[in-house]
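Each remark here refers to the structure printed beneath this line.
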Amino acid sequence: MIQPQTGSGRRILTFPAVNPYESISITTLLDSLLQIAGEILSFKPKHFSTNKRNVKETLRHIQTLVIVLEEIRIQIRVGSISFPHSAILSLSELHVIFQKLKFLLEDCTRDGAKLYMLMNSGQISAHFRVLTRSISTSLDTFPVRSVDLPEEVKELVYLVMRQTRNSEARPDREDKRAIDSVYWFFNLFENRIDPNRDEIIRVLDHIGVRKWSDCVIEIDFIQKEISTEKKSSIEIELLSSLVGFICYCRCVILGNIDVDDEEEEKEKEEDDLMIRGVNVDDLRCPISLEIMMDPVILETGHTYDRSSITKWFSSGNIKCPKTGKNLDNTALVDNVSVKQVIQSYCKQNGVVLTKTNQKKKTFVEESLAAEEAGKLTARFLAGELINGGEEEMVKALVEIRILTKTSSFYRSCLVEAGVVESLMKILRSGDSKIQENAIAGIMNLSKENAGKTRIAGEDGGGLRLIVEVLNEGVRRESRQYAAAVLFYLSSLGDYSRLIGEIPDAIPGLMRIVKGCDYGDSAKRNALIAIRSLLMQQPDNHWRFLAAGVVPVLLDLVKSNEISDGVTADSMAILAKMAEHPDGMISVIRRGGLKLTVKILGLPEVSPATKQHCVALLLNLCHNGGNDVVGALVKIPSIMVSLYTASSNGEFGGGKKASALIKMIHEYQERKTGTVEPILERERFVHAW
């Protein structure tokens, strides 16, 4: 059986057909043709967003050809006919046409591509026309007269040839009307006018977009198309306008949100938590200094963008750019985890990367229609919060929660529409669903500077309200989102100070870190908020020390019941606390030195965790002096771990490990006049 390519991973409106091999048997060819024909006919009950008449005609031709092919197969099995080579060539051409038709029908019914296919109905009609006429061309070479088939079957062959030879395959009138309506909607958006609701519903019904979840899928598909290569400015503008239109439809026209769809969006939001403390510089290639498109790892453990490191090797350099170490081989291994973080970062921040690693702006800036549609959508949602009933309010809150994740543009639109003030007013709602969606929306809006200002308020009252939700939120999720809000707000020094001065702020964060009923994502929200408060406002150091952050984090790390991400965040905070003498003493007294060395030596922990461990050890030695260095030297595994970190460390960890090694060597020289043999022995073991 011939194995044609499937549609999985195939770009839309591309038809990578497989030619049957020359020595194929007629039986195998017929079996494969009938199988593909059956798959084509299975599209009959499906909804087509465009070219419905052309689809109907195509399926009718295929159905007729199935009768012919079945009869040929029967005659061959009973041995009543011989089959010339020209017939095999004809059917081989037909096999390729069938594959392409199947791909075309897959595209016409692809989830998320309904609006896109409608707007490309002219191109799709052309594909139907070419493929339909190709059927006639392939049958022209079929030796109908010389093959002993029943006369009625021969007549069917001639019938299909006549019908397909002059096929027009024009776009449907209804398609043209729907397309004209869509362009008219764009014009209204550009003039800041809401389109007629009934007219929009007519277009959505035509293409089969009838539910809120349908819009979500449509938006995801078109945004992926925007990010693909070789798109002209005109194409980008059209696709951007389509996203603005379908997003408007989702929020304003199709407001009935399915429970399952809402839960799915929440799960996506949980996935986005992984990037909430990421420094964008950590996502850049050390060579090009641009965000990596295709991160790969060398044998040294360092990550580079594939294109940059490939050029480096092509120029004759067979060394690791960061370490200068000669490479035994130049094999590149995909860094899947880093790639996932980059993809999440780009999606949440509206960044699209091209091959030249230059950032593109989000789609809304490529189209006036999309921009104004976004503003109309934001204005509608703001009105629903103020004037709508409870049901309308809940729907608006869910939409705001989703839109604020989409891009900075939508966040700006919603801030300008006055959504922040409305959300803050309903934070004290006793309804868990309303409160959770409101604080989730505020969390996303807190990423914008304008949003931060409006959330905090002129007198800082908004900060106290967020802290109130942090401690008294109806659900754990609300308290978790409140912690994330504090993280974003604390990026401004003044707010970091004000948050630290609120009596319940730090205890509230500590409660989440210690809480057994909070998962890793909630703990990470609280931990990165704590870290930000420490980094932005040094005065918060003593507050966290008094709240017992050091013993809490050490106990958390010892528990072995947390993810590597939580461990990394905890070690980063401990490293920050150890920058001060009192913090160093607290870590040392509670066994933090040996625990840190133990974690540093574990092979399964991430480079980020090892980096923070090294930073903590370095700060302990700086502030603890010879007593701490002497205690560190007595731990047998320390030098092997430090040499490994110095050669594999990324984002500054290698330099800190080298500094710590130097500090230990200097300590040994002062004590004995030379480096102790054990250090040399461990160095040899590491090199080996």
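Because the structure is predicted, anything quoted here is derived from the model rather than measured.
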Under 3.5 Å side-chain donor-acceptor pair for [X] and [Y]:
X      : Y      : value
Ser367 : Ser241 : yes
Ser25  : Thr28  : yes
Asn444 : Thr404 : yes
Asn51  : Ser121 : no

Please tell me if the side chains of [X] and [Y] come closer than 4.5 Å, counting only heavy atoms from C-beta onward.
X      : Y      : value
Ile342 : Pro295 : yes
Phe43  : Cys108 : no
Ser408 : Lys447 : no
Val419 : Leu445 : yes
Val182 : Leu242 : yes
Leu13  : Ile124 : yes
Leu381 : Leu397 : no

Stepwise, does the side chain to side chain contact (heavy atoms under 4.5 Å, CB included) test hold for Thr109 with His47? CA-CA 7 Å; Thr109 55; His47 178 87; over 6 Å; no
Shortest non-hydrogen separation from [X] to [Y] and the atoms involved:
X      : Y      : result
Leu115 : Glu218 : N-OE1, 3.0 Å
Ala178 : Arg202 : CA-NH2, 4.3 Å
Leu385 : Ile400 : CD1-CD1, 3.5 Å
Val157 : Leu139 : O-CD1, 4.3 Å
Ser86  : Pro143 : OG-CG, 3.6 Å
Ile40  : Leu59  : O-CD2, 3.5 Å

Working to the nearest 0.5 angstrom, can you tell me the gap between [X] [atom1] and [Y] [atom2]?
X      : Y      : atom1 : atom2 : answer
Ser92  : Ile24  : OG    : CD1   : 6.0 Å
Met161 : Ser136 : CE    : OG    : 5.5 Å
Phe103 : Arg110 : CZ    : CZ    : 10.5 Å
Ile12  : Tyr116 : CD1   : OH    : 6.0 Å
Leu104 : Gln99  : CG    : CD    : 13.5 Å
Ser125 : Arg170 : OG    : CZ    : 10.5 Å

Less than 4.0 Å between a side-chain N and a carboxylate O, is that true for [Y] and [X]?
X      : Y      : answer
Asp214 : Arg250 : no
Glu391 : Lys395 : yes
Arg177 : Asp180 : no
Lys46  : Glu106 : no
Lys433 : Glu436 : no
Arg53  : Glu57  : no

Would a distance-only check, ignoring hydrogens and angles, find a side-chain to backbone donor-acceptor pair under 3.5 Å from [X] to [Y]?
X      : Y      : value
Arg197 : Ile201 : no
Arg401 : Ala438 : no
Glu372 : Ala369 : no
Arg129 : Ala169 : yes
Ser49  : Lys114 : yes
Glu39  : Lys102 : no
Asn196 : Asp198 : yes
Asn191 : Asn187 : yes
Thr132 : Ser167 : no
Asp305 : Met293 : yes

Sort out for me which residue in Ile88, Leu91, Ile74 forms a side chain to side chain contact (heavy atoms under 4.5 Å, CB included) with Leu30. Leu91
Mind running ring pair (Phe, Tyr, Trp, His ring centres under 6.0 Å) on Tyr248 and Phe189 for me, showing each step along the way? CA-CA 10 Å; Tyr248 176 91; Phe189 287 148; 5.1 Å; yes
Any residue meeting side-chain contact (heavy atoms from CB on, under 4.5 Å) with Glu416, in chain and number order, not counting sequence neighbours: none
Do Val209 and Ile217 pass the side chain to side chain contact (heavy atoms under 4.5 Å, CB included) test, and can you show the C-alpha distance, the side-chain angles, and the key distance before you say yes or no? CA-CA 10 Å; Val209 173; Ile217 300 171; over 6 Å; no
Assess the residue pair Thr164 and His61 against the criterion (side chain to side chain donor-acceptor pair (under 3.5 Å)); give the C-alpha distance rounded to whole Å, side-chain angles, the decisive distance to 0.1 Å, and a yes or no. CA-CA 8 Å; Thr164 57; His61 297 321; over 6 Å; no
Please determine whether the number of non-hydrogen atoms from other residues, nucleotides or ligands lying under 6.0 Å from atom [atom1] of [X] exceeds 12.
X      : atom1 : answer
Arg60  : CZ    : yes
Lys154 : NZ    : yes
Glu152 : CD    : yes

Chi angles and distances behind the side chain to side chain contact (heavy atoms under 4.5 Å, CB included) call for Leu254, Cys215: CA-CA 8 Å; Leu254 303 174; Cys215 293; 3.7 Å; yes
Pick out which of Glu199, Lys176, His206 makes a side-chain hydrogen bond (donor to acceptor under 3.5 Å, both in side chains) with Ser181. Glu199
Those residues at least two apart in sequence (or on a different chain) that pass ring-ring contact (aromatic ring centres under 6.0 Å, His included) with Tyr158 are none
Parallel, tilted or perpendicular: which one describes the rings of Phe186 and Phe245, with boundaries at 30° and 60°? perpendicular
How far apart are the C-alpha atoms of Arg379 and Asp194, what are their side-chain angles, what is the distance that settles it, and do they pass the salt bridge (Lys or Arg N to Asp or Glu O under 4.0 Å) test? CA-CA 11 Å; Arg379 187 177 67 186; Asp194 288 294; 3.3 Å; yes
Evaluate side chain to side chain contact (heavy atoms under 4.5 Å, CB included) for Tyr183 paired with Met119, printing each intermediate quantity in order. CA-CA 10 Å; Tyr183 279 111; Met119 303 307 290; 3.6 Å; yes
